[in-house]
J.: 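A single structure is presented below for examination.
Just so it is clear, the structure is predicted and the values come from calculations on it, not from any experiment. Just so we're on the same page: letters track the sequence lines, and every chain starts at 1.
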There are 2 protein chains.
Amino acid sequence: MSRANSPDRDTVSEIAAALGRHIETNGLMVGDKMPSELSLAEQYGVSRTVIREAFRSLAALQMISLSPGKRASVSLSNGEPVARILEHSVRMDAVAIQDVYDVRRTVEARTATLAAIRRTDKEAENIAWHASQMKSLFHDPAAGMEHDIAFHHAIARASRNKVFEMMITSFEGITRETWPVGWRSRNSDAERLAMVDLHMDLASAISQRDAIRSAEIMSQHFDVSTRALLSAGIR
Amino acid sequence: MSRANSPDRDTVSEIAAALGRHIETNGLMVGDKMPSELSLAEQYGVSRTVIREAFRSLAALQMISLSPGKRASVSLSNGEPVARILEHSVRMDAVAIQDVYDVRRTVEARTATLAAIRRTDKEAENIAWHASQMKSLFHDPAAGMEHDIAFHHAIARASRNKVFEMMITSFEGITRETWPVGWRSRNSDAERLAMVDLHMDLASAISQRDAIRSAEIMSQHFDVSTRALLSAGIR
DNA sequence: TGCATAAACCTGTATGACAGGATAAGCTCG
DNA sequence: CGAGCTTATCCTGTCATACAGGTTTATGCA
């Protein structure tokens, strides 16, 4: 078989695209195996080097997973590559932190709504538990942050929308970087406590299946957070 | 220099992470050059093969760009890798089209709001132009679709939030696949015309800087579209 | 000093090799 | 005849080497 021709793009990219098409065309699903590197090399008339680099490209997007001895197998992204891209964009000053928070507010107001509608009892409990842990760990910001992040993630999961869940996952790294700033920028323990209580309220709204109030509280939470970051000089 | 140790992860991934850190640590910005493959190979005590595969990983995320003869240079993602991931997720049945549309509705209601607030006159004109083209090209769905996509993209750009813009870009591929289904699932030209007119209305709301109405129309648009896809059997 | 030319450098791809890891085939023993 | 162990085979991960173009830097001439 010959390899493409048209806009003399990079050979590796072409092969990577072809391998993507291979998955599509053959209807491969998660866990299914790709052909061996050698057979693909022969099939496309390139060296194993090229096939391997193309594999790496797909693996970077977590479209396949590679492990020694085994054939490459189709897999599913957990959103981590998106997080990498986003964090890189922030570092390059192409994206402002405030932009990220605007997106988070928009998205999470919706996940709160959906969670209120779709949550299971167990999910509601889990969400409430993280909120209460935030409160108990009031004196331990680092631990509190982890529960905060887990809290938002749990809500996203309860929204039953994988795209939202993936997005929230993608924001975690940036959250982890900015959270301490927001925490410190609150001027008093009273303010910090109010923030924590907002989480308790949100958990209870979700628990009561109050979709509208859930979204309102989530939006309010982000209003406050956004201001806190702004006052700390984070644009 | 030695390379990591702990959870004996894949060598290439370790190096890729290290190269990411290199960008971070040295404060490299877009356009800045990475060290040569050979020097990195020596520095990390691995072969050029490993460095190249790590480079490919970063290049797949568009964190760097590679071209023959030139050193790898830091670059910025346009969201295309995210699109690949998303489309793959849909193909793997991990994400439902309806989920994507829920996200789009949520996100684009916000871009409409922001666009109404932040648009320049030129942007408003451009948005309106695409809407009017959709109307003129009523008889040519393929061309109409392209203007529809460009319309939404123009709104995202006018929102002045790169994250939103990147997201809308990421959805374009899926939109291109589902758009014709939505178009055909409308039962009459009257319905299709109503859909096009909704775009005209939205353009005018943005033009009038009516943020609230802009968001409402956008939401309404997605309500209708979502129903159209549902009635065509797309979950 | 300005510019053309050559040298040095760098990436893209190919080839061959070899150390494990994984899997399938075969064999042994109950 | 079947279960379990062993071995042969296949495959991936990494390395070394080679060489054909691009690209950048240095050189030397006008």
J.: Whole angstrom is fine here: how far is it from CG in A:Leu40 over to P in C:dA14?
T.: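 A:Leu40 atom CG is separated from C:dA14 atom P by 14 Å.
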J.: May I have the distance from A:Glu42 (atom CD) to C:dA14 (atom P), rounded to whole angstrom?
T.: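 After rounding, the gap between these two atoms is 13 Å.
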J.: By nearest heavy atom, map A:Val50 and A:Ser67 onto DNA chain C; which one lands nearer the 5' end?
T.: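 Result: A:Val50.
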J.: Roughly, in whole Å, what's the span from CZ in B:Arg9 to P in D:dG13?
T.: 15 Å
J.: Let me know the distance between CD of B:Glu14 and C1' of D:dT14, rounded to the nearest Å.
T.: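 So the CD-C1' distance, B:Glu14 to D:dT14, works out to 14 Å.
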J.: Please identify each residue that fulfils ring pair (Phe, Tyr, Trp, His ring centres under 6.0 Å) with A:His88, with sequence neighbours left out.
T.: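 A:His88: no ring pair (Phe, Tyr, Trp, His ring centres under 6.0 Å) contacts found.
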J.: Could you work out, with side-chain contact (heavy atoms from CB on, under 4.5 Å) as the rule, every residue matching A:Thr113, not counting sequence neighbours?
T.: A:Arg110, A:Ile117, A:Ala211, A:Ala215
J.: Taking OP1 and OP2 of C:dG12, is either one under 4.0 Å from a side-chain nitrogen or oxygen of B:Arg52?
T.: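 It does, given that an N or O in the side chain of B:Arg52 lies less than 4.0 Å from OP1 or OP2 of C:dG12.
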J.: Strictly under 4.0 angstrom, non-hydrogen atoms only: write out the protein contact profile of nucleotides 17-23 of chain D, one letter per nucleotide from the 5' end, B, S or -.
T.: -B--BBS
J.: Is a side-chain donor or acceptor of A:Ser225 paired with a backbone partner of A:Phe222 at a separation under 3.5 angstrom?
T.: no
J.: Which residues satisfy the salt bridge (charged side-chain N to carboxylate O under 4.0 Å, His left out) test with A:Glu172, sequence neighbours excluded?
T.: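 Counting only residues at least two positions away or on another chain, A:Glu172 forms no salt bridge (charged side-chain N to carboxylate O under 4.0 Å, His left out).
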J.: Please identify each residue that fulfils salt bridge (charged side-chain N to carboxylate O under 4.0 Å, His left out) with A:Arg56, with sequence neighbours left out.
T.: B:Asp10, B:Glu53
J.: Could you pull out all residues at least two apart from B:Ser77 that satisfy side-chain hydrogen bond (donor to acceptor under 3.5 Å, both in side chains)?
T.: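 By the side-chain hydrogen bond (donor to acceptor under 3.5 Å, both in side chains) rule, B:Ser77 matches B:Gln62.
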J.: Quick one: side-chain contact (heavy atoms from CB on, under 4.5 Å) partners of B:Pro180, sequence neighbours excluded?
T.: B:Met145, B:Arg184
J.: In this structure, how many angstroms lie between the P atom of C:dT15 and the CG atom of A:Leu38, rounded?
T.: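 The distance from CG of A:Leu38 to P of C:dT15 comes to 11 Å, rounded to the nearest Å.
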J.: If you restrict it to nitrogen or oxygen atoms, what contacts under 3.5 Å exist between nucleotides 7-9 of chain D and the protein, and what is each distance?
T.:
none

J.: Which nucleotide sits closest to the side chain of A:Arg71: D:dC11, C:dG12, C:dT13?
T.: D:dC11
J.: Regarding B:Thr175 and B:Arg104, do their side chains bring together a donor and an acceptor under 3.5 Å, going by distance alone?
T.: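 B:Arg104 and B:Thr175 do have a side-chain donor-acceptor pair below 3.5 Å.
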J.: Go through the structure and list residues passing ring pair (Phe, Tyr, Trp, His ring centres under 6.0 Å) with B:His130, not counting sequence neighbours.
T.: B:His147
J.: Any carboxylate oxygen within less than 4.0 angstrom of a Lys/Arg side-chain nitrogen, looking at A:Arg71 and A:Glu37?
T.: no
J.: Can you tell me the distance, in whole Å, between the CD atom of A:Glu53 and the P atom of C:dT13?
T.: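 About 7 Å, once rounded to whole Å.
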J.: Nearest-nucleotide wise, let me know which of B:Ser47 and A:Glu37 is further upstream toward the 5' end of DNA chain D.
T.: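 Its nucleotide being nearer the 5' end, the pick is A:Glu37.
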J.: Not counting sequence neighbours, list each pair that qualifies as a salt bridge (charged side-chain N to carboxylate O under 4.0 Å, His left out) and has a residue in residues 72-86 of chain B.
T.: B:Glu80-B:Arg84
J.: In this structure, how many angstroms lie between the P atom of D:dG13 and the CD1 atom of B:Ile51, rounded?
T.: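 My rounded result for the distance is 17 Å.
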J.: Write down the distance between CG (A:Leu66) and C1' (C:dA22), rounded to a whole number of angstrom.
T.: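 Roughly 15 Å, once rounded to whole Å.
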J.: Using the ring pair (Phe, Tyr, Trp, His ring centres under 6.0 Å) criterion, which residues pair with B:Trp183? Sequence neighbours excluded.
T.: B:Phe138, B:Trp179
J.: Which ones in residues 25-33 of chain B lie close to DNA chain C, meaning a heavy atom under 4.0 Å from one of its atoms?
T.: none
J.: Please tell me which of the listed nucleotides, C:dT11, D:dC15, D:dT12, lies nearest to the side chain of A:Ser36?
T.: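 Ranking C:dT11, D:dC15, D:dT12 by closest atom to the A:Ser36 side chain puts D:dT12 first.
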